[in-house]
Amino acid sequence: MKFATWNINSLRVRLPQVLEWLADNPVDVLCLQELKLIDERVPVDALRDAGYHTVSAGQPTYNGVAILSREPVHDVVRNLPTYDDPQQRVITATVPSAWGDIRVINTYCPNGQEVGSDKYRYKLEWFAALREFVAEQLKTWPRLMVLGDFNVAPEDRDIHDPEKWREKILASTPEREALQALFDLGLHDSFRLFEQPERSFSWWDYRQLAFRRNAGLRIDHVLISDALKPHCVGCIIDKEPRRNEQPSDHAPVIMELG
DNA sequence: ATGGTCGCCATGCGA
């Protein structure tokens with residue numbers, strides 16, 4: 001059973017690429033971030049024709065997340081219940097599996113812009129609220145994953161040039177501590193459960209030919225709970241869609257349970 | 001040194 005996350009940076013522009021990717025990669029669940037669409041404009045019919053049920057939390061212009069699932073999902077929660085926020089960054093749902101229900105928390109974490117900025121403080125506050133939410137959800141659903149664009153590179157090996165990014169946004173110590181606080185709940189970075197190529201990244205800036213130079217960061221993650229860990233048989237980053245015409249700046253990450 | 005690219009109800013802003 002495969003789960004994927006992909007920041008597609010506008011579902012309107014990227015829909016053909018999402019459909020093409022799903023045809024080649026018929027995952028069971030696909031979590032999307034940065035829809036940049038209101039819910040009314042989410043192309044649920046085209047996605048249904050492709051074999052997926054869609055639930056979304058959209059907003060105009062910015063943010064927006066969706067869960068696509070081959071099986072119908074239930075107990076959908078939008079946003080973080082303890083953190084009043086007009087920005088639509090989280091959608092949570094339960095999907096059936098051979099091992100019982102699995103809780104899927106799809107997150108588009110704040111970027112933070114610059115260390116020390118108002119947006120940076122918002123990012124750290126937001127992570128604290130996410131942690132609170134995940135802790136509460138784990139009580140009901142021990143089989144749980146948190147996947148999405150975390151906008152944090154966990155370690156130096158997740159950055160093409162660690163010295164250049166030292167204590168910069170996406171790499172600062174407080175951001176890494178906020179991510180570590182999620183791991184401390186009993187979550188695991190599924191990517192690092194397996195041997196991986198060196199210099200594996202999931203995001204490359206559109207500027208400066210960053211993809212061609214592999215000047216990227218690994219900021220998109222699939223975190224799995226203790227209960228799911230024994231079933232995890234793989235996690236890969238699929239760089240292929242980043243080579244497309246008009247690509248998203250992020251690559252999908254696929255995690256497999258077996 | 002500065003800005004370099006995308007996508008957004010459109011024009012500066014967020015990433």
Side-chain angles (χ1 to χ4, degrees), chain A residues 5-21 31-43 46 56-66 79-80 83 85-91 106-127 130 147-154 158-172 174-176 178-179 201-221 237 239-253:
Chain A
T5 174
W6 193 6
N7 179 323
I8 37 87
N9 185 18
S10 166
L11 183 53
R12 185 188 66 81
V13 172
R14 232 66 68 191
L15 178 64
Q17 292 181 48
V18 170
L19 294 174
E20 185 187 18
W21 188 82
C31 292
L32 299 176
Q33 302 89 36
E34 282 207 87
L35 308 184
K36 298 186 172 181
L37 280 182
I38 57 174
D39 286 320
E40 291 71 18
R41 293 196 184 160
V42 172
S56 64
Q59 72 175 84
T61 309
Y62 302 115
N63 309 310
V65 286
N79 238 306
L80 299 173
Y83 191 77
D85 189 355
Q87 302 190 35
Q88 300 300 306
R89 297 182 172 280
V90 190
I91 187 165
N106 174 20
T107 60
Y108 173 48
C109 306
N111 171 284
Q113 196 167 55
E114 189 181 2
V115 173
S117 66
D118 286 347
K119 291 191 176 69
Y120 182 74
R121 281 183 282 279
Y122 163 70
K123 181 177 193 172
L124 296 178
E125 260 182 39
W126 189 94
F127 263 93
L130 174 64
L147 70 170
D149 176 359
F150 287 75
N151 270 315
V152 179
D158 300 312
I159 301 178
H160 68 100
D161 184 347
E163 289 315 317
K164 183 178 157 189
W165 286 80
R166 184 75 56 210
E167 295 304 329
K168 297 289 195 306
I169 200 66
L170 313 184
S172 73
E175 290 168 272
R176 286 176 168 175
L179 186 59
F201 309 122
S202 67
W203 168 78
W204 302 261
D205 199 292
Y206 283 122
R207 292 165 286 192
Q208 296 175 301
L209 302 170
F211 182 65
R212 223 177 67 180
R213 298 186 294 117
N214 196 28
L217 276 73
R218 193 175 69 91
I219 57 177
D220 300 87
H221 309 299
I237 298 170
K239 285 173 77 169
E240 279 310 312
R242 190 62 177 78
R243 303 183 215 279
N244 290 348
E245 293 280 317
Q246 266 198 303
S248 166
D249 44 351
H250 294 253
V253 183

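In this text, all values refer to a predicted model and were calculated from it rather than measured experimentally. Numbered from 1 within each chain, the chains take letters A, B, ... in sequence-line order.
- Enclosure of atom CZ in A/R176 by more than 12 non-hydrogen atoms of other residues, nucleotides or ligands within 6.0 angstrom is indicated.
- For the P atoms, the distance from B/dG14 to B/dA1 is 26 Å, rounded to whole Å.
- Applying the 6.0 Å contact sphere to CZ of A/R213 captures more than 12 heavy atoms from other residues, nucleotides or ligands.
- Closest approach of A/Y83 and A/E125 over heavy atoms only: OH-OE1, 3.1 Å.
- The OH atom of A/Y108 sits 14 Å away from the P atom of B/dG7 (whole-angstrom rounding).
- B/dG14 atom P lies 15 Å from atom NZ of A/K123, rounded to whole Å.
- For A/N63 (side chain) and A/Q87 (main-chain N/O), no donor-acceptor pair under 3.5 Å exists by modelled atom type.
- Regarding A/R207, its CZ atom lies at a distance of 13 Å from the C1' atom of B/dG7, rounded to whole Å.
- In this structure, A/R242 reaches neither bases nor backbone, as no heavy-atom distance under 4.0 Å exists between it and the strands shown.
- Whole-Å rounding puts the A/R213 CZ to B/dT5 P distance at 13 Å.
- Here the side chain of A/K119 is nearest to one of B/dA15, B/dC13, B/dC6, namely B/dA15.
- Put simply, A/Q113 has no side-chain N or O that comes within less than 4.0 Å of OP1 or OP2 on B/dC13.
- Rounded to an integer number of Å, the gap from NZ of A/K36 to P of B/dA10 is 14 Å.
- Look at B/dG3: it lacks any Watson-Crick or wobble partner with both distances under 3.5 angstrom.
- The P atoms of B/dT2 and B/dC8 are separated by 31 Å, rounded to the nearest whole Å.
- Nucleotide B/dC6 holds its C1' atom 10 Å from the CD atom of A/E34, rounded to whole Å.
- Note: CD1 (A/I8) to P (B/dA15) measures 15 Å, nearest angstrom.
- In this structure, A/D118 atom CG and B/dC13 atom P are separated by 15 Å, rounded to whole Å.
- Contact annotation: A/S10 reaches the phosphate of B/dC8 (side-chain N/O to OP1 or OP2, under 4.0 Å).
- Of the candidates B/dC13, B/dC6, B/dA15, the closest approach to any side-chain atom of A/R89 belongs to B/dA15.
- OP1 or OP2 of B/dC9 has not a single side-chain nitrogen or oxygen of A/R12 nearer than 4.0 Å.
- Heavy-atom distances to DNA chain B give each of A/Q87 and A/P247 a nearest nucleotide, and the one nearer the 5′ end belongs to A/P247.
- The pairing partner recorded for B/dG12 is B/dC8, the criterion being a Watson-Crick or G-U wobble arrangement whose two distances lie under 3.5 angstrom.
- Taking all atoms of both residues into account, the shortest heavy-atom contact from A/G148 to A/N106 is CA-OD1, 4.4 Å.
- A/S56 and A/D39 share a donor-acceptor pair across their side chains, judged by distance under 3.5 Å alone.
- Residue contacts shown for A/R41 include a base, since a base heavy atom lies under 4.0 Å away.
- The gap from the C1' atom of B/dC9 to that of B/dG3 amounts to 28 Å, rounded to the nearest Å.
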